[in-house]
Amino acid sequence: MANMDGTIPRIDFAGIDPAAAAGPGRDSARWAAVRAAVMEALCEHGVFEAVMDGLIAPELSAAMLGPGGAAESFFSLPPSTKALYTNMEKPYLGYLSSSFLTLPYETLCVKDTLFPDGVPALASLMWPDAGNPSFCETVQAYTEKLSALATVVLRMVLESLGATAECIEEQARATSLALRLSGYEAPGTAEGRLGLFTHRDKSFLSVLTHNGLDGLEVELGRGEGGWARPTLSPGGFHVLAGDMLQVLTNDRVFSPLHRVVVAGDKTRYAFVLFSNPGDDVVVRAVDAAVDAQRPAAYRPFQYSEYVGFFFSKEHNDKLNKLEAFTALGIDGT
Ligand SMILES: O=C(O)CCC(=O)C(=O)O
Ligand SMILES: [Fe+2]
């Protein structure tokens with residue numbers, strides 16, 4: 001089912017109802033076939049393209065990432081306005097300018113995106129007169145759609161491991177969402193320029209899409225397969241496994257290195273939805289992924305502990321933060 005398109009596996013989700021993750025419709029042969037392809041791709045590469053035609057209506061897509069859409073309306077605000085959404089204590093949650101990042105892109109993170117005060121709190125700071133209801137509706141509707149896809153994928157992974165229904169419900173409850181909206185400055189040349197440095201995501205899953213400008217590059221084959229620069233087909237979304245899915249699956253799924261390289265003369269807007277454990281959730285491999293032959297590779301830890309480690313200056317240069325974190329003792333030494 002997964003075609004290696006010269007790049008990453010492309011998995012057709014036709015016949016998979018995104019609402020099925022929360023209800024009936026998961027006992028079909030189709031569900032089982034897509035689930036097998038998803039698990040294979042995530043174990044082998046940690047990334048695939050999910051083609052789910054119709055998940056996002058063309059009007060919603062244009063309202064989010066098209067000319068004059070929500071992404072453009074945020075990034076075209078004056079720098080001093082965007083700076084109001086800076087999070088002093090945790091800079092990675094909030095707005096970051098290209099001068100802060102020292103790379104030609106700017107980015108915005110909204111945590112708990114679907115909480116009633118998530119996006120509206122941003123909008124009332126950015127547009128103090130009326131708060132911009134259409135921006136809020138667009139961002140929330142888009143988030144809901146991508147979140148449904150992330151929920152389906154997480155359920156498929158857990159089912160593949162043989163996790164119990166209770167375990168799957170527990171993981172769904174433990175999940176929290178964060179949205180990242182990034183604007184990559186156009187280099188104005190055909191030659192590619194680094195937009196976002198090489199990294200792994202710390203999440204369970206990242207679902208991402210953009211305004212028609214490819215740029216994501218991912219290392220394949222668990223680091224042994226070279227780099228791919230996947231194109232995004234219509235109705236397609238890139239799905240990446242993050243470090244926390246690697247822990248949950250006891251190293252079956254792999255969190256791949258990736259980066260962004262941009263070219264041309266148009267600003268690239270990317271919308272990334274992260275599904276993460278809640279800050280106070282204790283992350284550990286699910287029982288179904290651990291046995292005598294395969295003992296737990298990671299000690300249980302609170303997600304906020306990993307986030308603190310992930311963003312600490314001291315470990316900034318490490319490409320495999322999960323490995324570095326695991327090498328530390330329980331008391332951080
Ligand atoms: O812009 C992209 O395509 C990827 C962004 C990304 O990897 C991230 O924000 O973690
Ligand atoms: Fe990433």
Side-chain angles (χ1 to χ4, degrees), residues 7-8 42 45-50 61 64-65 69-72 74-75 87 90-98 100-111 113 139 142-143 146 149-150 153 177-187 192-220 223 227-233 236-246 253-264 266-276 306-307 310-311 316 318-322:
T7 57
I8 64 172
L42 290 179
H45 302 294
V47 62
F48 65 91
E49 181 187 8
S61 177
M64 185 63 232
L65 290 162
E72 197 171 281
F74 172 78
F75 286 116
N87 187 321
K90 297 179 177 171
Y92 51 89
L93 297 178
Y95 171 74
L96 293 173
S97 65
S98 55
F100 179 94
L101 292 160
T102 64
L103 270 176
Y105 84 107
E106 46 182 335
T107 189
L108 164 74
C109 179
V110 183
K111 208 170 168 245
T113 323
V139 174
Y142 206 89
T143 301
L146 295 197
L149 176 54
V153 172
L177 299 175
L179 143 74
R180 178 166 295 293
L181 202 53
S182 299
Y184 298 88
E185 219 179 273
R193 179 177 76 183
L194 189 68
L196 174 58
F197 56 85
T198 303
H199 68 285
R200 297 174 204 269
D201 292 342
K202 59 187 184 331
S203 47
F204 285 138
L205 285 165
S206 317
V207 179
L208 63 99
T209 175
H210 53 65
N211 62 334
L213 300 180
D214 292 319
L216 176 71
E217 298 190 346
V218 192
E219 199 180 25
L220 298 179
W227 285 80
R229 188 179 165 83
T231 56
L232 203 54
S233 34
F237 305 89
H238 288 135
V239 178
L240 280 92
D243 295 344
M244 292 306 99
L245 198 61
Q246 188 167 328
V253 164
F254 184 74
S255 166
L257 278 178
H258 57 284
R259 63 189 174 214
V260 175
V261 175
V262 286
K266 265 179 69 186
T267 306
R268 176 177 187 269
Y269 295 117
F271 186 113
V272 189
L273 185 71
F274 296 107
S275 77
N276 297 311
Y306 188 61
V307 175
F310 194 93
F311 288 111
N316 203 20
K318 302 213 165 64
L319 282 181
N320 195 333
K321 297 200 178 172
L322 183 58

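Order of appearance sets the numbers: ligands from 1, and atoms from 1 within every ligand.
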Chemist: Do you know which two heavy atoms are closest between Ala263 and Pro187, and how far apart they sit?
Modeler: CA-CG, 3.6 Å
Chemist: Check ligand 1 against Tyr184 and write out every atom of the ligand that is under 4.0 Å from a heavy-atom position of the residue.
Modeler: 1 (O), 2 (C), 5 (C)
Chemist: Distance under 4.0 Å to a non-hydrogen atom of Ala270: what atoms of ligand 1 satisfy this?
Modeler: 1 (O)
Chemist: How close do Ser61 and Tyr142 get, counting heavy atoms only, and between which atoms?
Modeler: CA-CE1, 4.1 Å
Chemist: Do Asn276 and Met244 have side-chain heavy atoms sitting under 4.5 Å apart?
Modeler: no
Chemist: Specify side chain, backbone, both or neither for Leu208, according to which of its non-hydrogen atoms lie closer than 4.0 Å to ligand 1.
Modeler: side chain
Chemist: Only heavy atoms of Leu196, strictly under 4.0 Å: list the atoms of ligand 1 that pass.
Modeler: 5 (C), 6 (C), 7 (O), 8 (C), 9 (O)
Chemist: Just by distance, with hydrogens left out, do Ser233 and Glu49 show a side-chain donor and acceptor under 3.5 Å apart?
Modeler: yes
Chemist: Write down the atom of Ile8, the atom of Ala228, and the distance for their closest heavy-atom approach.
Modeler: CG2-CB, 4.3 Å
Chemist: With a 4.0 Å cut-off on heavy atoms, does Arg180 reach ligand 1?
Modeler: yes
Chemist: List ligand 1 atoms under 4.0 Å from Phe274, heavy atoms only on the residue side.
Modeler: 10 (O)
Chemist: Counting only heavy atoms closer than 4.0 Å, does ligand 1 sit against the backbone of Tyr105, its side chain, both, or neither?
Modeler: neither
Chemist: Got a donor-acceptor contact below 3.5 angstrom from the Tyr306 side chain to the Leu322 backbone?
Modeler: yes
Chemist: Are His199 and ligand 1 in contact, using a heavy-atom cut-off of under 4.0 Å?
Modeler: yes
Chemist: Indicate, as side chain, backbone, both or neither, the part of Leu240 found under 4.0 angstrom from ligand 1 when only non-hydrogen atoms are considered.
Modeler: neither
Chemist: Suppose the cut-off is 2.8 Å; which protein N/O/S atoms would you list for the Fe ion (ligand 2)?
Modeler: His199 NE2, Asp201 OD1, His258 NE2
Chemist: Ignoring hydrogens, what is the shortest heavy-atom contact between Gly183 and Phe75? Give both atom names and the distance.
Modeler: N-CZ, 3.5 Å
Chemist: What's the shortest heavy-atom distance between Thr209 and Leu65, and which atoms?
Modeler: CG2-CD1, 4.2 Å
Chemist: Heavy-atom distance under 4.5 Å between the side chains of Ser182 and Val272, does that happen here?
Modeler: no
Chemist: Can you name the nearest heavy-atom pair linking Ala186 to Thr267, along with the distance?
Modeler: CB-N, 4.1 Å
Chemist: What atoms of ligand 1 come within less than 4.0 Å of a heavy atom belonging to Arg268?
Modeler: 1 (O), 2 (C), 3 (O)
Chemist: Find all atoms of ligand 1 within a distance of less than 4.0 Å from any non-hydrogen atom belonging to His258, and give their numbers and elements.
Modeler: 7 (O)
Chemist: Roughly how far, to the nearest 0.5 Å, is CG of Leu220 from CH2 of Trp227?
Modeler: 9.5 Å
Chemist: Counting C-beta onward and ignoring hydrogens, is there a side-chain heavy-atom pair between Ser255 and Leu245 closer than 4.5 Å?
Modeler: no
Chemist: Provide, to 0.1 Å, the distance between atom 4 (C) of ligand 1 and the closest protein heavy atom, together with that atom's residue and name.
Modeler: Val260 CG2, 3.6 Å
